[in-house]
Number of protein chains: 2
Amino acid sequence: MAGDVLSTFRGVHDHGRCTDDALATAEALCAEKGLRLTALRRRVLELVWSRHQPVRAYDLLEDLRAERRRAAPPTVYRALDFLIANRLVHRIESLNAYVGCAGPRNPHVGQFLICRKCSAVAELNDGEIARTVARKARGLGFTVERQTIEIAGLCPQCGGTRAA
Amino acid sequence: MAGDVLSTFRGVHDHGRCTDDALATAEALCAEKGLRLTALRRRVLELVWSRHQPVRAYDLLEDLRAERRRAAPPTVYRALDFLIANRLVHRIESLNAYVGCAGPRNPHVGQFLICRKCSAVAELNDGEIARTVARKARGLGFTVERQTIEIAGLCPQCGGTRAA
DNA sequence: GCTATCATGTTATAGTATAACAACCCACGC
DNA sequence: GCGTGGGTTGTTATACTATAACATGATAGC
Ligand SMILES: [Zn+2]
Ligand SMILES: [Zn+2]
Ligand SMILES: [Zn+2]
Ligand SMILES: [Zn+2]
């Protein structure tokens with residue numbers, strides 16, 4: 001992946017490289033696990049990465065149709081199901097949208113910083129937050145299976161304060 | 001409100017009282033702030049509380065129609081908009097559903113424990129989690145405006161471990 | 001090649017939410 | 001009282017998100 005957690009928020013990053021890396025990692029990961037990253041699934045993953053922003057399913061569908069006339073909603077939703085199940089894509093619940101996973105090899109919960117102005121999303125993936133949440137929930141007798149953490153606000157470029 | 005954060009998860013709580021309290025608090029709060037808690041909005045709030053579970057908008061609509069034939073989707077969505085804007089109701093993003101706010105007087109972010117088996121939802125509202133998230137985000141130059149934290153799993157009644 | 005399995009195509013429909021404009025109501029000032 | 005103006009609700013239509021159900025096609029192991 002190209003750079004740290006905030007690379008998405010910076011004006012320009014080498015997004016071609018960033019997408020290529022993601023696809024290469026996905027290929028390798030699927031090969032290791034014996035998963036079938038078909039042409040369709042690979043292409044959907046590529047389209048998800050193509051903007052480095054949360055992408056909605058029907059936008060993906062529109063893109064797909066340009067090159068695959070027979071694409072229908074199940075086409076894209078099934079590809080997304082596969083990609084999400086195998087941790088290559090995350091769903092952003094508060095936006096009904098999808099983003100490529102920045103680190104599919106590191107097991108992690110979904111934690112996202114979402115800029116309401118430029119729509120960029122960065123994956124936070126902070127262990128301390130995850131552990132604090134898990135500890136508090138466990139302390140109440142609750143068994144945690146999935147954490148959904150979505151932080152909305154302004155990224156550094158769009159009005160955020162400078163890092164200390 | 002009737003009891004602590006986990007009262008929702010216990011077999012039986014005095015839910016009539018719990019709903020009455022919520023409505024009384026809402027009335028008082030709106031009176032203080034000069035907000036118009038109309039009959040419709042009050043009734044929708046009551047319906048949201050009626051199950052002490054996440055309720056979907058179209059279920060509310062169905063309930064409403066039993067007594068107000070002219071109710072349509074905007075009827076319920078507009079009431080929900082008002083209730084959410086004034087912190088009387090929370091939206092659970094991962095479920096497309098709505099729950100009554102357990103403590104509208106305490107300013108707080110939305111943090112929820114959601115049992116996938118019995119569908120009960122408890123509002124966590126833990127300051128340490130909120131502060132940890134805020135600190136981490138701020139450290140990256142991100143200005144936090146809204147936190148969405150939804151923890152899915154099993155509640156104590158449905159298979160969670162006992163609290164220590 | 002045969003066959004079981006998984007993947008995709010295809011059609012239809014379910015579920016969630018908002019746009020746009022009309023009608024109504026009520027508080028306020030005249 | 002009367003108008004008037006803003007906020008609330010009614011009404012119709014439509015946009016957006018997602019899945020069901022069954023048919024067809026590709027793939028891999030035997
Ligand atoms: Zn990820
Ligand atoms: Zn931004
Ligand atoms: Zn209750
Ligand atoms: Zn439960």
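All chains are named by letter (A, B, ...) in the order of the sequence lines, taking the proteins before the strands, and each is independently numbered beginning at 1.
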Legend entry - Step-by-step ring-ring contact (aromatic ring centres under 6.0 Å, His included) determination, F112(B) to H90(B): CA-CA 10 Å; F112(B) 303 95; H90(B) 292 286; 5.1 Å; yes

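Judged by distance alone with a 3.5 Å cut-off, a donor-acceptor contact links the side chain of R78(B) to the base of dG10(D). With hydrogens and angles left out, the side chain of R36(B) and the base of dG6(D) share no donor-acceptor pair within 3.5 Å.
Here dA15(D) presents its P atom at 15 Å from CG of D59(A), a figure rounded to the nearest Å. What separates CG of L60(A) from P of dT17(D) is a distance of 11 Å, to the nearest Å. The separation between E62(A) atom CD and dC16(D) atom C1' is 13 Å, rounded to whole Å. At whole-Å resolution of the value, CZ in R68(B) and P in dT11(D) are 11 Å apart. Taking atom CG of residue L40(B) and atom P of nucleotide dC26(C), one finds them 14 Å apart after rounding to whole Å. Here the P atom of nucleotide dT17(D) and the CG atom of L80(A) are 12 Å apart, to the nearest Å. dA26(D) atom P lies 16 Å from atom CZ of R41(A), rounded to whole Å. Between F82(A) atom CZ and dT19(D) atom P there is a gap of 17 Å when expressed in whole angstrom units.
Residues V89(A) and L61(A) fall within the same hydrophobic cluster, defined by Ile, Leu, Val, Met, Phe, Trp and Tyr side chains chained together at heavy-atom separations under 4.5 Å.
For the OP1/OP2 pair of dT9(D) and a distance below 4.0 Å, the side-chain nitrogens and oxygens of R70(B) include no atom meeting the criterion. Contact annotation: T38(B) side-chain N/O to dT9(D) OP1/OP2 distance is under 4.0 Å. Note on T75(B): every side-chain N or O is 4.0 Å or more away from OP1 and OP2 of dT9(D).
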Inset, instruction - Determine, for nucleotides 11-18 of chain C in 5'-to-3' order, which nucleotides have protein heavy atoms under 4.0 Å from the base (write B), from only the sugar-phosphate (write S), or from neither (write -). - result: B----BBB

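In this structure, the side chain of Q147(B) does not engage the main chain of E150(A) through any donor-acceptor pair within 3.5 Å.
A salt bridge does not link R131(B) with D126(B): every distance from a Lys NZ or Arg NE/NH1/NH2 to an Asp or Glu carboxylate oxygen is 4.0 Å or more. Of the charged side-chain nitrogens involved, none lies within less than 4.0 Å of a carboxylate oxygen, so that E62(B) and R65(B) do not count as a salt-bridged pair. Between E93(B) and R91(A) there is no salt bridge, since no side-chain N of the basic residue sits under 4.0 Å from a carboxylate O of the acidic one. Comment: R56(A) engages D59(A) in a salt bridge, judged by a side-chain N to carboxylate O separation of less than 4.0 angstrom.
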